Amino acid sequence: MARILAAARGFPFLTATLAVIAGAGVLSAVWPPAVPWLLGVYAGFMALRSAVAMVQELRSGTFGVDILAVTAIGSTIAVGEVWASIVIVLMLTGGEALEQYASGRARKDLTALVSNAPRTAHRLAADGTVCDVDVADVAVGEQVLVRAHEIVPFDGVLVSDAGVFDDSSLTGESLPQERVAGDTVYSGAINGAAAVTLRVAQRAEDSQYQRIVALVEEAAASRAPMVRLADRYAIPFTVVALAIAGVAWWASGDPVRFAQVLVVATPCPLIIGAPVAFMAGMSRSARRGAIIRSSATLEKLHRAATFAFDKTGTLTRGAPALTDVRASGAVDAGTLLRVAAAAEQASAHVLAEAIVRGATARGEVLPVPQEVAETTGGGVTAVVDGVRVAVGKRTFVEEQTGAPVPAPQLAPGELAVHVAVDGAYAGCVVLRDQLRPDAADTLARLRRQGIEHVLMVTGDEEATARHIAGKLGIDDVRAGCLPADKVAAVRDVADRPVVMVGDGVNDAPVLAAADVGIAMAARGSTAATESADIVILPDEVGRVAEALEIGRHTVNVALQSIWIGITVSVALMLVATTGALPAVVGAWLQEAVDVIAILWALRAMGSGWWRRRRVPDTALPRAAAGSAAPEGARVAV
């Protein structure tokens, strides 16, 4: 009963219409003369309500098909077909209710993050006591307790020895993620079965979760130009409907025929089919890790002709990876890598992390370094297994050895970190920013979708950019670009709309200037995500192609929904001109058509054909800290 009352309160006009119909049914048995008055007065009131809304829309420059509904109600009342008029009213109020329900269903996944946003935090005092406070009252550096199965309210550093977290609400990752003391935990993750302690790294309003919430709220409140395009269909449709109705009246000499035609000329799908489809598509995209900030973006994606990509962090991983170890002969390659990686364990430098990661991946067991000393912008020295090791840029190693270090032969995009052992030059390790494993497949998918023009716009040097572009089959390369150069390059593209994909702070201007800007949020900067129309949460460039596929499918479904309403309504109007469709029957047929068209629009949320190429979800997006490009001060070539 409570659910019935809640539904009645949620759809008041539909409830009132059903009550009037029930009342008319009762009056038909006890006082039949009152039935036409009850139905006629109520239908007239609802027609007046729609007319007022129609006038308001006309003043705002929007022309809709409400004029047909108002005319149909008025004409059926005038010829005494009051039951037909109440069926039209039921169609309108039922369509409004169905739109609210459908939009609510489509919006459910899109706004799930908002409804789950943590409001309270358990702050730990110095004496170990716990106090529940508003998340806004917790400062950076304070410690909070996250109890079992609670949502993490802040970006923070794990203080407890270990913890298990569920990131599925953000990325769809189905497996729990294990983290140890010192690891970063991001807001929005769900804690496991044991309580943990975090040290707050970002205030609640600045945390990763709240950034995503802000994007979702913008997406949920948007309205697409495609909806206005659907409204523009109403002008020719209204003219056609009135013309058919007028000809039917003139040819038959019966004004009832005019009403019979207009009864089937009230296609709700023309009004609500497109927005329902767009909201469904945006919900689908959000669940797949692509937050679309404005539904207008979907129509632009549908017409997209050119894709432009940044290189570092977008088509490549944006972080160096170990590719080669070159020993000079003093030690073998395995020993060189082991001692270099052992010394670099004490450094937080991005190149040091890459060397340690590469050595571990090759199965090297790294000893604990002793007497570690790091020189900012130079390198690190340490004692490893009793020998003194120096690792860093070429000039730094030259200072340690007192002898010149030969310049290695490097391919475009490679860099070298040099190593000395016991005061003698021992060789170098070679690092390179590598292509993302899904980059080539992403471009292939875009080309299968009809995207013929793909270009790379990067601030990197020409040789490196050409090397990466050659591997991906990109012919149009703009290298050495400053932010203003990137903007100019995108604006000069003739094949439009242009979609730009980037991640760094220097990509923010071009993302805003492009017809559609797509930001890779996992490694991207706050500026990039704020400038973009679409934000990709997982660290996978393949989601860019998936967003295009979803966008095009969504717009196609919206257009199909519109044309279903138009085509079937025109067919029913032609049948009605013969007098074969009584007004009441025609009204019920139109109601069925409306339901079918709206349900068709909801296909944009369901199992579209892109699911055949489902891409596995990955880890939680990292906090916006800019591009993790190699630091030049530690590079020697």
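No experiment lies behind these values; they were computed from the predicted model shown.
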Between the CG atom in Asp539 and the CE atom in Met520, the distance rounded to the nearest 0.5 Å is 5.5 Å
Under the salt bridge (charged side-chain N to carboxylate O under 4.0 Å, His left out) rule, what pairs show up with a residue in residues 466-475, not counting sequence neighbours?
-> Glu462-Arg466
Is the shortest side-chain N to carboxylate O distance from Arg447 to Glu452 below 4.0 Å?
-> no
Can you name the closest pair of heavy atoms from Val493 and Thr306 and give their distance?
-> CG1-OG1, 3.7 Å
Minimum side-chain heavy-atom gap Trp600-Gln560 below 4.5 Å = yes
Considering all heavy atoms of both residues, which atom of Ala513 and which atom of Val487 are nearest to each other, and what is their separation?
-> CB-CG1, 3.9 Å
Decide side chain to side chain contact (heavy atoms under 4.5 Å, CB included) for Val510 and Val457; before the verdict, give the C-alpha distance in whole Å, the side-chain angles of both, and the deciding distance to 0.1 Å.
-> CA-CA 10 Å; Val510 69; Val457 183; 5.7 Å; no
Just by modelled atom types, is the Ile564 backbone N or O under 3.5 Å from a matching donor or acceptor in the Thr567 side chain?
-> no
May I have the step-by-step check of side chain to side chain contact (heavy atoms under 4.5 Å, CB included) for Asn191 and His149, ending in yes or no?
-> CA-CA 5 Å; Asn191 187 27; His149 308 301; over 6 Å; no
Is the backbone of Val356 close enough, under 3.5 Å, to the side chain of Thr360 for a donor and an acceptor to pair up by distance?
-> yes
Roughly how far, to the nearest 0.5 Å, is the CZ atom of Phe309 from the CE atom of Met500?
-> 9.0 Å
Residues in side chain to side chain donor-acceptor pair (under 3.5 Å) contact with Gln434, at least two apart in sequence or another chain = none
Considering only heavy atoms from C-beta outward, does the side chain of Glu344 approach that of Ser347 to under 4.5 Å?
-> yes
Any idea which heavy atoms bring Thr316 and Arg436 closest together, and the distance?
-> O-NE, 3.3 Å
4.5 Å side-chain heavy-atom contact, Leu455 and Val477 = no
Can you tell me if Thr442 uses its side chain to pair, donor with acceptor, with the backbone of Asp438 under 3.5 Å?
-> yes
Return the set of residues passing side chain to side chain donor-acceptor pair (under 3.5 Å) with Arg203 (not counting sequence neighbours), or none when no residue passes.
-> Glu205
Closest non-hydrogen contact found for Ala547 with Leu301 is O-CD1, 3.7 Å
Return the set of residues passing side chain to side chain donor-acceptor pair (under 3.5 Å) with Thr464 (not counting sequence neighbours), or none when no residue passes.
-> Glu461
Determine, stepwise, if the pair Val200 / Val144 fulfils side chain to side chain contact (heavy atoms under 4.5 Å, CB included).
-> CA-CA 7 Å; Val200 177; Val144 295; 4.0 Å; yes
Rounded distance [0.5 Å steps], CG in Leu351 versus CG in Leu431 = 6.0 Å
Pro437 vs Arg317 side-chain heavy atoms within contact, under 4.5 Å | yes
Heavy-atom closest contact (Ala304 atom, Ile451 atom, distance) = O-CD1, 3.3 Å
Are Arg543 and Pro538 close enough that some pair of their side-chain heavy atoms sits under 4.5 Å apart?
-> yes
With no hydrogens and no angle check, is any side-chain donor or acceptor of Thr323 less than 3.5 Å from a backbone partner on Val430?
-> yes
With sequence neighbours left out, the residues meeting salt bridge (Lys or Arg N to Asp or Glu O under 4.0 Å) with Asp533 are none
Picking from Val541, Ile534, Leu511, what satisfies side-chain contact (heavy atoms from CB on, under 4.5 Å) with Ile518?
-> Ile534
Nearest heavy-atom pair of Thr312 and Asp503: which atoms, and what distance?
-> O-OD1, 3.2 Å
When you measure from the side chain of Arg199 to the backbone N and O of Val157, does any donor-acceptor pair fall under 3.5 Å?
-> no
Any chance you could measure Ile474, atom CD1, to Lys311, atom NZ, to the nearest 0.5 Å?
-> 11.0 Å
Is the side chain of Asp155 donor-acceptor paired with the backbone N or O of Ser187 at a distance under 3.5 Å, no angle test?
-> yes
Which residues pass the salt bridge (Lys or Arg N to Asp or Glu O under 4.0 Å) test with Glu150, sequence neighbours left out?
-> none
Spacing of Arg284 atom CZ and Ile292 atom CD1 [to the nearest 0.5 Å] | 12.0 Å
Find out whether Val544 and Phe307 are in side-chain contact, i.e. whether some heavy atom of one side chain is under 4.5 Å from a heavy atom of the other.
-> yes
Would you check if the side chain of Asn556 reaches a backbone N or O of Arg552 as a donor-acceptor pair within less than 3.5 Å?
-> yes
With no hydrogens and no angle check, is any side-chain donor or acceptor of Arg179 less than 3.5 Å from a backbone partner on Leu158?
-> no
Those residues at least two apart in sequence (or on a different chain) that pass side-chain contact (heavy atoms from CB on, under 4.5 Å) with Glu142 are Arg123, Val138, Ala139
Backbone N or O of Ile550 within a donor-acceptor pair of the Thr554 side chain at under 3.5 Å?
-> yes
Contacts of Arg478 meeting salt bridge (Lys or Arg N to Asp or Glu O under 4.0 Å) (sequence neighbours excluded), chain-then-number -> Asp476
Is there any salt bridge (charged side-chain N to carboxylate O under 4.0 Å, His left out) pair reaching into residues 487-496, and which pairs are they, with sequence neighbours excluded?
-> Arg496-Asp515
Under the salt bridge (Lys or Arg N to Asp or Glu O under 4.0 Å) test, residues paired with Asp324 that sit two or more places apart | Arg326
Are Val146 and Pro153 side-chain neighbours, meaning at least one heavy-atom pair lies under 4.5 Å?
-> yes
side-chain contact (heavy atoms from CB on, under 4.5 Å) with Thr120: which residues, sequence neighbours excluded?
-> Asp132
State which residues pass side chain to side chain donor-acceptor pair (under 3.5 Å) with Thr458; sequence neighbours excluded, sorted by chain then number.
-> none
Point-to-point distance, once rounded to the nearest 0.5 Å, from CZ of Phe165 to CD1 of Ile190 = 11.5 Å
Given the rule in the side chain to side chain contact (heavy atoms under 4.5 Å, CB included) test, do Val159 and Leu198 qualify, once you have shown the distances and angles that lead to the verdict?
-> CA-CA 5 Å; Val159 176; Leu198 296 179; 5.7 Å; no
Is there side-chain contact between Phe278 and Val555, with at least one heavy-atom pair below 4.5 Å?
-> yes
